[in-house]
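So the structure is just underneath, and the comments pick up after that.
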Amino acid sequence: MNHEIFADIEDLDVKNLSRNEFLLTTTQIIQKHFPMYNWVGYYFLESDGKLHVGPYVGKTTPHEIIELDKGICGAAVSRQETIIVDDVNADPRYLSCSLETRSEIVIPLKIGGEIAGELDIDSSRPAAFSQDDKAILEEVVKMVERVLEKVAL
Ligand code: SME
């Protein structure tokens, strides 16, 4: 698999970035390559057992903390697998972040093999996430995991 997004992330000078700067920059890079993604951000599993929003680009979300049995976000971390929802309005699990959102993908993120959070992306286009998008984004998450594991950000 080849995509310019990988080089953009590889080129980041991670030693001179804080953890949050690194994560925010990756969301900006994702949005640069996929302009139809309207909200790109991370949630991290904290010690209270809930998902807390991390760096993101897009409108302010009303869901800063999400329980694991709530939302597409909770489902992806609980099942530890990527979830694509082509029509969020047809999915009863969906927690609305913005009225414009029509589709969503959530990819679990692991640190040292343990579930640690996720990358969450919304689009105002229905069924915006193809299997190719999924493969690219899963690879991006693997790159982010490696940085979070290797560099003491
Ligand atoms: N839609 C998500 C909630 C997070 S916002 O999209 C940023 C969900 O259903 O879990």
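Just so you know, these numbers come straight off a predicted model, no measurement behind them. Both ligands and their constituent atoms are indexed starting at 1 by order of listing.
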Quiz item: On the ring face of Tyr42, is Arg19 found with NZ or CZ under 6.0 Å from the centre and within 45° of the axis?
Solution: no
Practice problem: State which residues pass salt bridge (Lys or Arg N to Asp or Glu O under 4.0 Å) with Lys110; sequence neighbours excluded, sorted by chain then number. | Solution: none
What part of [X], side chain, backbone, both or neither, has a heavy atom within less than 4.0 angstrom of ligand 1?
X      : result
Glu104 : side chain
Tyr56  : neither
Thr101 : neither
Ile72  : both

Quiz item: Going by distance only, is there an N or O of Asp122 that falls short of 3.5 Å from an N or O of ligand 1?
Solution: yes
Self-check item: ligand 1 to Leu95 polar contact by distance, N or O atoms, under 3.5 Å
Solution: yes
Enumerate the atoms of ligand 1 whose separation from the nearest heavy atom of [X] is less than 4.0 angstrom.
X      : value
Cys97  : 5 (S), 6 (O), 7 (C)
Trp39  : 7 (C)
Tyr94  : 1 (N), 9 (O)
Asp120 : 4 (C), 5 (S), 6 (O), 7 (C)

Self-check item: Under-4.0 Å salt bridge between Lys134 and Glu138
Solution: yes
Quiz item: Using 4.0 Å as the upper bound for N to carboxylate O, is an ion pair formed by Arg93 and Asp91?
Solution: yes
Quiz item: Using the benzene-type ring in the case of Trp, are the ring centres of Tyr43 and Tyr56 under 6.0 Å apart?
Solution: no
Self-check item: Single-linkage hydrophobic cluster Val141~Ile121, side-chain heavy atoms < 4.5 angstrom
Solution: yes
Quiz item: How far apart are the C-alpha atoms of Leu119 and Ile30, what are their side-chain angles, what is the distance that settles it, and do they pass the side chain to side chain contact (heavy atoms under 4.5 Å, CB included) test?
Solution: CA-CA 11 Å; Leu119 175 67; Ile30 293 168; 3.9 Å; yes
